[in-house]
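What follows is a set of notes on a single structure, which appears directly below.
These numbers were taken from a predicted model, which means no experiment stands behind them. Naming: A, B, ... by sequence-line order, numbering from 1 per chain.
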Number of protein chains: 2
Amino acid sequence: MRKRATAKEVAEAAGVSKWTVIRAFTQGASITDASRQKVLQAAEALNYSPNLLARSLATNTTHQVAVFVDDFANPHKLPVLERLTERLQAEGLLTVLININRHFDHVHALINADQRQFDAVILFGTAFREETLGDRRLGAGFPPMFVLARDSQIPGVPAIACNAELALSEIVDYLFDKGYRRPGFMTGARTLSTALGRRHHYANFWRRKGVEVITELAAERYSAQAGAEAARTYLSATSPTSRIDVLMCENDILALGAMDVARSEFGLGVPQNLAVVGFDNIELGGAPAYELTSYEQPTDEMINAVVEMITGKRDAEMVVMQGRLVPRSSA
Amino acid sequence: MRKRATAKEVAEAAGVSKWTVIRAFTQGASITDASRQKVLQAAEALNYSPNLLARSLATNTTHQVAVFVDDFANPHKLPVLERLTERLQAEGLLTVLININRHFDHVHALINADQRQFDAVILFGTAFREETLGDRRLGAGFPPMFVLARDSQIPGVPAIACNAELALSEIVDYLFDKGYRRPGFMTGARTLSTALGRRHHYANFWRRKGVEVITELAAERYSAQAGAEAARTYLSATSPTSRIDVLMCENDILALGAMDVARSEFGLGVPQNLAVVGFDNIELGGAPAYELTSYEQPTDEMINAVVEMITGKRDAEMVVMQGRLVPRSSA
DNA sequence: TTGTAGGCGTTATCAT
DNA sequence: ATGATAACGCCTACAA
């Protein structure tokens, strides 16, 4: 296995200076065709290609974007990651996937991202605390940050998200029109930011309809199992007549878990005995086995927006986008 | 927003040389406590932290591992990515997620990975062709490559995979014992490597049982929709009496799609009229709505193995690991 | 068009 | 323990 060739070696082989070699590999540099050909030939013979690491050091741009993810239980993450990497790569940017699930120290991850000189940092659906970013070790020359698919509680960090207020308004209108009057809501985590968003609006809009009591089911995490567990706990503790008639879950994966338990363990018909609504519109929610009513975020637009902000084609500022209700038979 | 401080600036502030600054940030360097304190104080005041990019250039190691993924439709990818990033990060390695779905040029992605000086490249479930790697622009000093969760058709590129032969042997034994005699197999892509693996063994073991005819259903891609479509095509074209009695799908996501169609569009009972088996044991397959019989790969072990190979704690060589059958009610 | 000097921020090695 | 020199491989700016 030959060692990696450098520009200097190619220069010697081609009989030019190494700066000419660099020029041969630079778009729009002033160099004669003859020189370029000579260089390219020598480069191919020596198997040379520019070292992007050295280039990054010199240009102070890495063309790498860090994406922080803390929730891998939600299948919805995968298609979004696919689109995101695709769009970033189309702009010549690579995606560094950083796992910040509960085992990791968020501040540490941020410091690391800082030291690696990423061009930007995307917090994808993660609930960072303001205090985390307030850490004194951060701040100076930290890469631009963006919050994708979640509200940003952090001043100066723009969020690109679905308009939650509008979404919940549509959802509650829909459920009210269908005749449901005893709403429940399942949250997936204890962090304030999350809860405040969807749950808050859900409760608000029901109150406007004159429905004051919103039963809350709390799942431990965002996963089908946690959703199932929370539903089991609630259904075990209540009698059929006293129960909610519609359960809105903070996301689809919770909803699928809850639906499974309602149907298979408690023999409830969905939606006759208990209607279920999710959020995200994951592929499996649309399967005949579930037919889950859900709400689709405009992920493509959202992704385009972040990428454009990162590449400077668009102002970096908070933006909320409109999703759409996807009514199916579960509610 | 202050500019990033460098070791040199910290050195001036602390009244030492920049090499002393470096030492203060290096494990086990010989430096007096007094110096270190002085430096750390100055560093904190200036908000300095080492530039890992420059370090990488000097040490010739980036602590970055590229992970190539071409199939984002399979939810199974997500938990594996979670574990993989977690393990890599525990070793101080970051994951660069590279999307090589059909829109991208694989050779181009490899060249890019080469130029970025990654410490290693993992082909996660992707079927690279030998010819792709044979490209003359690659080869010299290319980072060590590993194929994860798929057989490697490439000499010199070790694969870490589940023992497909053993898996299919177990599966066929199980199905035969259950009394099925008219097997079908659904493939998810036209690449030889894939088809050869699971389908080949499946057919072989049925033949050993004296069953010669294996019906093949071909899905266009690996997705629930593609699985549904393939099942629909097959079921539409056959009469109930002439059909297969058990359908093994190359992975769970295909199986779920097929199952949906069989039950909801053709009114078939699973497993009474058509048994279904998948592969991967994704979380939703275990849900009461599906109860999909599947086969679980030893993903944790496989991931540990690659990571250990990358970090040099283990010889880089092909290894097949044993998974386990997960029998449920679908077959 | 081409060559030169200097710099990007670190690390390795040697000298003090 | 600390300082100094050279190197990592490239880029920008300037001179020829």
*Give the B/S/- string for nucleotides 10-16 of chain C, one per nucleotide from 5' to 3', where a protein heavy atom under 4.0 Å of the base yields B, of only the sugar-phosphate yields S, and otherwise -.*
BBB----
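Each salt bridge (Lys or Arg N to Asp or Glu O under 4.0 Å) pair with one or both residues in residues 71-84 of chain A, not counting sequence neighbours, appears once here: A:Arg83-A:Glu86, A:Arg83-A:Asp300. Each ring pair (Phe, Tyr, Trp, His ring centres under 6.0 Å) pair with one or both residues in residues 5-39 of chain B, not counting sequence neighbours, appears once here: B:Phe25-B:Tyr48.
Between D:dG3 and B:Thr20, a contact under 4.0 Å exists linking OP1 or OP2 to a side-chain N or O.
A side-chain donor-acceptor contact under 3.5 Å links B:Gln64 and A:Gln64. The closest side-chain donor-acceptor pair between A:Thr126 and A:Asp70, if any, does not fall under 3.5 angstrom. Side-chain contact check for B:Gln297 and B:Asp280: at least one donor-acceptor pair (N or O, by modelled atom type) lies under 3.5 Å.
With a 4.5 Å cut-off on side-chain heavy atoms, A:Leu88 and A:Leu84 count as touching. With contacts defined as side-chain heavy-atom distances shorter than 4.5 Å, the pair A:Pro298/A:Cys162 qualifies. A heavy-atom distance below 4.5 Å is not found between the side chains of B:Thr62 and B:Leu53.
The CD1-C1' distance, from A:Ile31 to C:dG3, rounds to 12 Å in whole Å. Per the geometry, CG belonging to B:Asn60 stands 8 Å off C1' belonging to D:dC8, to the nearest Å. Rounded to whole angstrom, the span from the CD atom of B:Gln115 across to the C1' atom of D:dC10 amounts to 13 Å. One atom, CZ of A:Phe25, and another, C1' of D:dT12, lie 19 Å apart when rounded to the nearest Å.
With A:Gln89 contributing its side chain and B:Asn99 its backbone, the two residues share a donor-acceptor pair below 3.5 Å.
Listed candidates were C:dG3, D:dA1, D:dG3. Nearest to the side chain of B:Thr32 is D:dA1.
The stretch residues 33-41 of chain B does not touch DNA chain C, since none of its heavy atoms comes less than 4.0 Å from the strand.
Among residues two or more places apart in sequence or in another chain, the side-chain hydrogen bond (donor to acceptor under 3.5 Å, both in side chains) test is passed with A:Ser223 by A:Arg221.
Each end of the helix from C:dT1-D:dA16 to C:dT16-D:dA1 gets its own axis, taken as the rotation carrying the C1' atoms of four end pairs onto the next four within a five-pair window, and the two axes meet at 40° to the nearest 10 degrees.
Counting heavy atoms of neighbouring residues, nucleotides and ligands inside a 6.0 Å radius, atom CD of B:Glu91 exceeds 12 of them.
A:Leu57 comes within contact range of at least one nucleobase, with a heavy-atom separation under 4.0 Å.
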